[in-house]
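To start, the structure itself, in structure tokens.
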Amino acid sequence: MNQTNKSPLQQTAPPLYQVNKPYVTASFEIKYHQIIDADGAVVGPIPDFARQPEQLIKLYQAMYLTRQFDHKAILLQRRGQLGTYASSLGQEAIGTAIGYTMQADDVLLPAYREYAAQFLRGVSMTEILLYWGGNEQGMNFQAQKHDFPINVPIASQTSHAVGVAYAMQLRQQARVAVCVLGDGATSKGDFYEAINAAGNWKLPVVFVINNNHWAISLPRQKQSHAKTLAQKAIAAGISGEQVDGNDVIAMQFRLDKALNKARNGHGPSVIEALSYRLGDHTTADDATRYRSKDELEQNWKYEPLSRLHHYLTNMGYWSKHHDQQLEKNTQHLVESAVQEYLNTPAQAPESMFDYLYQSLPESLQEQRQSVIQRHQGHA
Amino acid sequence: MNQTNKSPLQQTAPPLYQVNKPYVTASFEIKYHQIIDADGAVVGPIPDFARQPEQLIKLYQAMYLTRQFDHKAILLQRRGQLGTYASSLGQEAIGTAIGYTMQADDVLLPAYREYAAQFLRGVSMTEILLYWGGNEQGMNFQAQKHDFPINVPIASQTSHAVGVAYAMQLRQQARVAVCVLGDGATSKGDFYEAINAAGNWKLPVVFVINNNHWAISLPRQKQSHAKTLAQKAIAAGISGEQVDGNDVIAMQFRLDKALNKARNGHGPSVIEALSYRLGDHTTADDATRYRSKDELEQNWKYEPLSRLHHYLTNMGYWSKHHDQQLEKNTQHLVESAVQEYLNTPAQAPESMFDYLYQSLPESLQEQRQSVIQRHQGHA
Amino acid sequence: MPEITLVDAVNMGLMHEMAADPDVVVLGEDIGLNGGVFRATDGLQKKFGHQRVLDTPLAESLIAGMSIGMAAEGLKPVAEIQFLGFVYSAIDQIINHAARLRNRTRGRLSCPMVLRVPFGGGIHAPEHHSESTEAIFAHIPGIRVVIPSSPLRAYGLLLSAIRDPDPVIFLEPKRIYRLVKQRVEDDGEALPLDVCFVLREGSDVTLVSWGAMIHETMMAAEQLQQAGVSAEVIDVATIKPLDINTILESVDKTGRCVIIHEAPRTCGVAAEIAAQLAEKGLLSLFAPIERVTGYDTIMPLFNLEQQYMPDVNSIMAAAKRTLEDT
Amino acid sequence: MPEITLVDAVNMGLMHEMAADPDVVVLGEDIGLNGGVFRATDGLQKKFGHQRVLDTPLAESLIAGMSIGMAAEGLKPVAEIQFLGFVYSAIDQIINHAARLRNRTRGRLSCPMVLRVPFGGGIHAPEHHSESTEAIFAHIPGIRVVIPSSPLRAYGLLLSAIRDPDPVIFLEPKRIYRLVKQRVEDDGEALPLDVCFVLREGSDVTLVSWGAMIHETMMAAEQLQQAGVSAEVIDVATIKPLDINTILESVDKTGRCVIIHEAPRTCGVAAEIAAQLAEKGLLSLFAPIERVTGYDTIMPLFNLEQQYMPDVNSIMAAAKRTLEDT
Ligand SMILES: Cc1ncc(C[n+]2csc(CCOP(=O)(O)OP(=O)(O)O)c2C)c(N)n1
Ligand SMILES: Cc1ncc(C[n+]2csc(CCOP(=O)(O)OP(=O)(O)O)c2C)c(N)n1
Ligand SMILES: [Mg+2]
Ligand SMILES: [Mg+2]
């Protein structure tokens, strides 16, 4: 518990400064972290967990699964079997590191590109497909009771994270809320209000900015004149840093530090994960309207899977044979999720009333009945 | 015009950093400025304008007028001749420096404690009294056509300032928007969205935070864990600094720099003016519920009028005789404003429809008529 | 059992429920040591500590959003927004999240929060402090909108709002915060939500209102009585969801209906009530339904607020019109 | 003169007015190079430059607030909010400022801005992208709320909205953005605001609607015709302020009225229309007014959106009920 119980009456406003020349009252710096570079070369100290091949392989598999899932989802959308879909292509390391690092009873509050994290936390691929397939059951996670569903109104999940973290702190639980948002989301007041409040109460919350350098058609540079997004944390008086978001090892390492810090009562952090959106914004978008081919190609060099693949191969942890096996296993997993999704019956029309309130008010019973009748009329 | 016309297609996202240890990608510092200390001693270089006694006297007179006005307004409220009133006691230097420094065709977007600035810009005391007296005519400034009226929904004026500044930039005018807000207002998303946008377009706008250390009952320390409020500017990638807000000379000097910078196309600034609310929040508030006598007494030492008075006296610019004269003149000015206020007839009831739209839609004519009839019925 | 005001009753309800249920937390601007600008939360922080009674930074969207997060984790946040004029920054969180957390997760998560907001005109308050925009909330599916009109109902309805498993916007008519006193027993007895209260029985005309306007409406009923007209008075209390049956039954009996609210007329809650009566009770109506409301204009600054708001005379006149028409 | 869609007509209107009036600026998210997510602003930035067609950061409150500042300085901002589900962060600026800048300054400052917002269901859009909450805006004094239902009216009403000296919320029914084409001449001729359009004359029943639902309403009228029922169809177009006279006149003739909207029923705009008819037209009504609306529940994800929205059948059924009752 870090909450001060001092009454404001005991708090005196700071006296005005009495100095005789321009005087530095505060200074800050923003650091950048990377461990494995784009070629798979080691450029920073390898953390302990990453000395265990099976751990790295787990990360690789998770990223790979997410990429294959993504690919499949886009195909489904093209075939008219899925609604608009937001791919996480190129940003798989962020979600993977988050899902890997969080503890089971932590709470994830994602935007809509953190499938990797969600899968590692027990959300099923079927559920994600149901969501984008227009079925609310996709938010009724069967194996994950506390996490928030995908969040579409940009940045609005950030204050939920503050509330979740507040509840954890109040109950003296060693749990952490992890909130993910995009670079575009950092322009919205919600984000700022949330980090500021998190700082005030030293809450156990970590804000991860998936800086994929685009917010639909607006490039990161036009979103804010701030040199880094991490420095937005300074406004809230909390720590902020940049991490190579395509380096899953660095991401895991820095996230782990931030989560431990939060868990131990030392307050919130902002992590700006530098990545790149290699796909369109969603399947409803056409990025060629606003983004050069050149830029896209250039950024493919930094993508997270091949980088870890290089490293694993270099270290002798991985071979062609593993590739084949992983491909086959993953294909199977994705295919069965797709089948399950396609076989899921639509919800009954009257379900639109069944979760509106815990029990439906008398005055709405008639409307619920009329949905049923109308449906029977159609059938 | 500082607007880049480069298409985003030409803008390449920055490559991921390729470095091999924690690496500082950005660093910042926040400075504090003071020229005359609480005892009237010179602690910084005296700017040119302040070498002219008549200029300093003008500032002193403006501060004095505001304080007397304030005092009178509180009396009127106590007598039931005014509604709730928000005093600027202790913060007169901020508004005075703003009003003094701005040019006539700049635009002021205040909150509700910048009477000093408003008076210097041509808003009449009568108008301010009318506003708090429940009459909209108090916002229909007769001698000031562009300034925004008093703004009550906290921080909402900040985005108006962005729009005003955008219009100035678009029309290539050498004008500046000056937006004033409180320390509490810095916690609201609106403020952050506004400074961020101002940074993006390098707009001619200066945000002045009147940090009077309280937002009703919430002390500054509980508003944000940020060490300074000036550092909030870092989140927007714009310059921010602290100024002794009770030192009218330092305020004028730093504001003048910020306004010139904005006017010359070099972009926005945030100035945190450190001051202290010596009164209750408003006449509807009772600060003894949440603030110690001790703290209040301590902060009286730093108030802006006596400080400049000391300095003027020390420099031989001012004598007892001037005090008497000023008191008399000011009393006269304030009294006649009060008389004018008290003699202002109430608006006609149907005026509530007369400025709703430029011309009243047909469908509302009946309602307007019924206001008139109802009033006649009462009369 | 002392006589207490409406705002005291709110305070008593909060005290009661905080003591009874450790999951209840109270948050908002100035609600701690200061006890809220209307003193509704006076003494709570002293009794329950800074963690359960927390002063927030000045950020309404945050207040609503963090309440949602708290509620999803099983707390029962009771948040205060200082005035209804400042609730609008929180509307996104209310519409897009609070109202739908249960529905979108098919019941996996829920949002048992209360947002208390003083509202309405008549106290000579500054600009933006006197509006009544309850109709905006009444249009939003998934929430409840509850408005007490007396100390007794403030206590009983607040308890039920806090205990309700879904989000409740609890609008407090600040004009009558201290207008009348009533004996209210601190017995933890909640009043039912989702039902109207018949405050006075009558046979000639049904007067329907809520919040502060109940005061004028009851006075009008008294005066009508003296003029030989028997008025039934209904306090809607929960304006969302709306218990139209109680109103329909009354109008079935009286054949006449006057609906009174301070808010602007167009798309106000009276429109919904009138529409439902016109649909379901058309044949029992002896006269056109009358709406006595604020005008479709900006709430004026306080010099003219009396001219803006409905008063006893305008209610009486409307009631009499319904009687003349027949 | 080519046949164009509704969204093309919006684009044409914007092009026209930007060329005609140098004070017009267009702003919003992705409205520049990308031309808006629906391409309504396609080509504007290329033609009028980055300064008059500006991509904003992702911040709806800012978009509305800075439009107010621009408008106060004499520009005519036409801002886009990407979807109505994201307008709520901007509501504070709309209610507390845009709607009242003229009134509070007694005409000294004014706010000639337009907020364009695509809205409504039926295009299989993701969560939060399909709602219709026009009633919230219709309750706010000081603004206009305008909804086109055809390419012709989109062009003509958008021109008048931009030229109007007061703030206009211009809601674009995205389901019919590309549904039908019409010949629209780019002649700069504006259509009048504040009036309903009678789209089809009839004598047995009046069907009142706006936006995308006009499409189903017209189809229902056709089918009713085949069943021997003559339906008059009114497109309200400006839902705030409301031209009740046109509707009253029609109902005076037909004696029956069905009001259709996608939005939830409770406190929807149909309630206001029904209430006014019940007040002013009670005696001309042969049958209870019917409202055919969305349900009072959260707009479901797209699997069930058809089951949520009114359709031709439900309109026909309601119309027939009004005829049976007599
Ligand atoms: C409040 C709000 N405004 C607008 C939108 C429409 N929209 C959806 S995604 C998006 C861009 C988000 O960019 P960013 O935060 O960088 O996330 P990314 O999509 O790049 O992951 C926008 C504008 C929205 N969903 N919510
Ligand atoms: C959006 C909003 N929320 C709440 C209020 C109520 N209120 C009025 S002043 C105030 C405190 C403002 O503090 P600060 O910004 O420091 O300004 P100060 O009054 O100290 O000058 C509050 C909470 C308001 N006017 N607007
Ligand atoms: Mg992005
Ligand atoms: Mg303050």
Side-chain angles (χ1 to χ4, degrees), chain B residues 83-86 112 130-139 149-156 182-190 215-218 222-224 281-282 284-287 289-291 346-356 361 363-364 367-368 370-371 374-375 377-378, chain C residues 28-39 41-42 45 50 54-63 65 82-83 85-90 92 123-130 264-266 292-311 313-314 317:
Chain B
T84 303
Y85 173 77
Y112 44 78
L130 282 169
Y131 178 74
W132 294 115
N135 184 330
E136 286 84 356
Q137 287 294 354
M139 293 180 275
I150 278 175
N151 191 79
V152 165
I154 299 295
S156 57
D183 47 313
T186 66
S187 290
K188 228 174 132 56
D190 308 46
I216 308 187
S217 72
L218 202 70
K222 293 200 165 186
Q223 200 63 248
S224 176
H281 169 69
T282 64
D285 177 53
D286 170 10
R289 290 178 66 88
Y290 52 79
R291 184 168 69 170
Q347 299 175 99
E350 66 273 23
S351 70
M352 67 176 87
F353 282 100
D354 293 342
Y355 307 92
L356 187 61
S363 58
L364 290 175
Q367 289 193 18
R368 183 174 182 277
S370 95
V371 177
R374 181 176 167 190
H375 185 64
H378 279 282
Chain C
E29 295 161 10
D30 306 295
I31 56 96
L33 194 56
N34 196 35
V37 290
F38 288 104
R39 310 287 175 251
T41 57
D42 200 18
Q45 194 174 64
H50 281 69
L54 51 139
D55 280 313
T56 63
L58 205 168
E60 283 75 12
S61 179
L62 169 83
I63 292 171
Q82 223 157 58
F83 291 90
F86 310 132
V87 84
Y88 307 119
S89 318
D92 181 44
I123 63 162
H124 276 209
E127 203 182 2
H128 304 282
H129 285 68
S130 300
R265 163 172 302 230
T266 294
V292 178
T293 68
Y295 299 106
D296 285 312
T297 188
I298 309 295
M299 178 70 173
L301 290 192
F302 67 78
N303 273 355
L304 296 179
E305 70 179 335
Q306 288 311 326
Q307 276 88 337
Y308 176 88
M309 298 206 298
D311 58 13
N313 283 341
S314 43

Closest non-hydrogen atom pair between Ser89(C) and Lys188(B), with its separation: OG-NZ, 2.9 Å

Close side-chain approach of His281(B) to Val37(C), heavy-atom, < 4.5 Å: no

Close side-chain approach of Asn313(C) and Arg374(B), heavy atoms under 4.5 Å: no

Contact origin within Tyr131(B) toward chain C - heavy atom pairs under 4.5 Å: both

Contacting moiety of Phe86(C), where chain B heavy atoms sit under 4.5 Å: side chain

Taking every non-hydrogen atom, the tightest pair across Ser187(B) and Ala59(C): O-CB, 3.7 Å

Separation between OG1 of Thr56(C) and CD of Gln223(B), rounded to the nearest 0.5 Å: 8.0 Å

Nearest heavy-atom neighbours spanning Leu304(C) and Met352(B): O-CE, 4.0 Å

Top contributor to chain B interface from His128(C), Glu127(C), Glu305(C) [non-hydrogen pairs under 4.5 Å]: Glu127(C)

Approximate separation, where rounding is to 0.5 Å, of Gln367(B) CD and Asp296(C) CG: 4.5 Å

Leu301(C) and Met139(B), any side-chain heavy atoms less than 4.5 Å apart: yes

Region of Leu364(B) that comes under 4.5 Å of a non-hydrogen atom in chain C: side chain

Rounded distance (nearest 0.5 Å) linking atom OG1 of Thr84(B) with atom CD1 of Ile123(C): 7.5 Å

Pairs of heavy atoms under 4.5 Å with chain C: top-ranked of Pro153(B), Ser363(B), Gly138(B): Pro153(B)

Ile216(B) versus chain C, the contacting section by heavy-atom distance below 4.5 Å: both

Contact class of Ala348(B) relative to chain C, heavy atoms under 4.5 angstrom: backbone

Option that, when pairs with chain C are counted at under 4.5 Å, heavy atom only, ranks first among Ala346(B), Gly189(B), Gly133(B): Gly133(B)

Atom pair OG1 (Thr297(C)) and CD (Glu350(B)), whose distance is rounded to the nearest 0.5 Å: 12.0 Å

Tyr308(C), part contacting chain B, at a heavy-atom distance under 4.5 Å: both

Spacing of CG belonging to Leu218(B) relative to CG belonging to Asp55(C), to within rounding of 0.5 Å: 5.5 Å

Toward chain C, the part of Ala284(B) with a non-hydrogen atom under 4.5 Å: neither

Ser217(B) side chain to Asn34(C) backbone, donor-acceptor under 3.5 Å: no

Presence of salt bridge, Asp42(C) and Arg289(B), under 4.0 angstrom: yes

Closest non-hydrogen atom pair between Tyr295(C) and Ser370(B), with its separation: CE2-OG, 3.3 Å

Close side-chain approach of Ile154(B) to Glu60(C), heavy-atom, < 4.5 Å: no

Interatomic spacing from CD1 in Ile298(C) to OH in Tyr355(B) - rounded to 0.5 Å: 14.5 Å

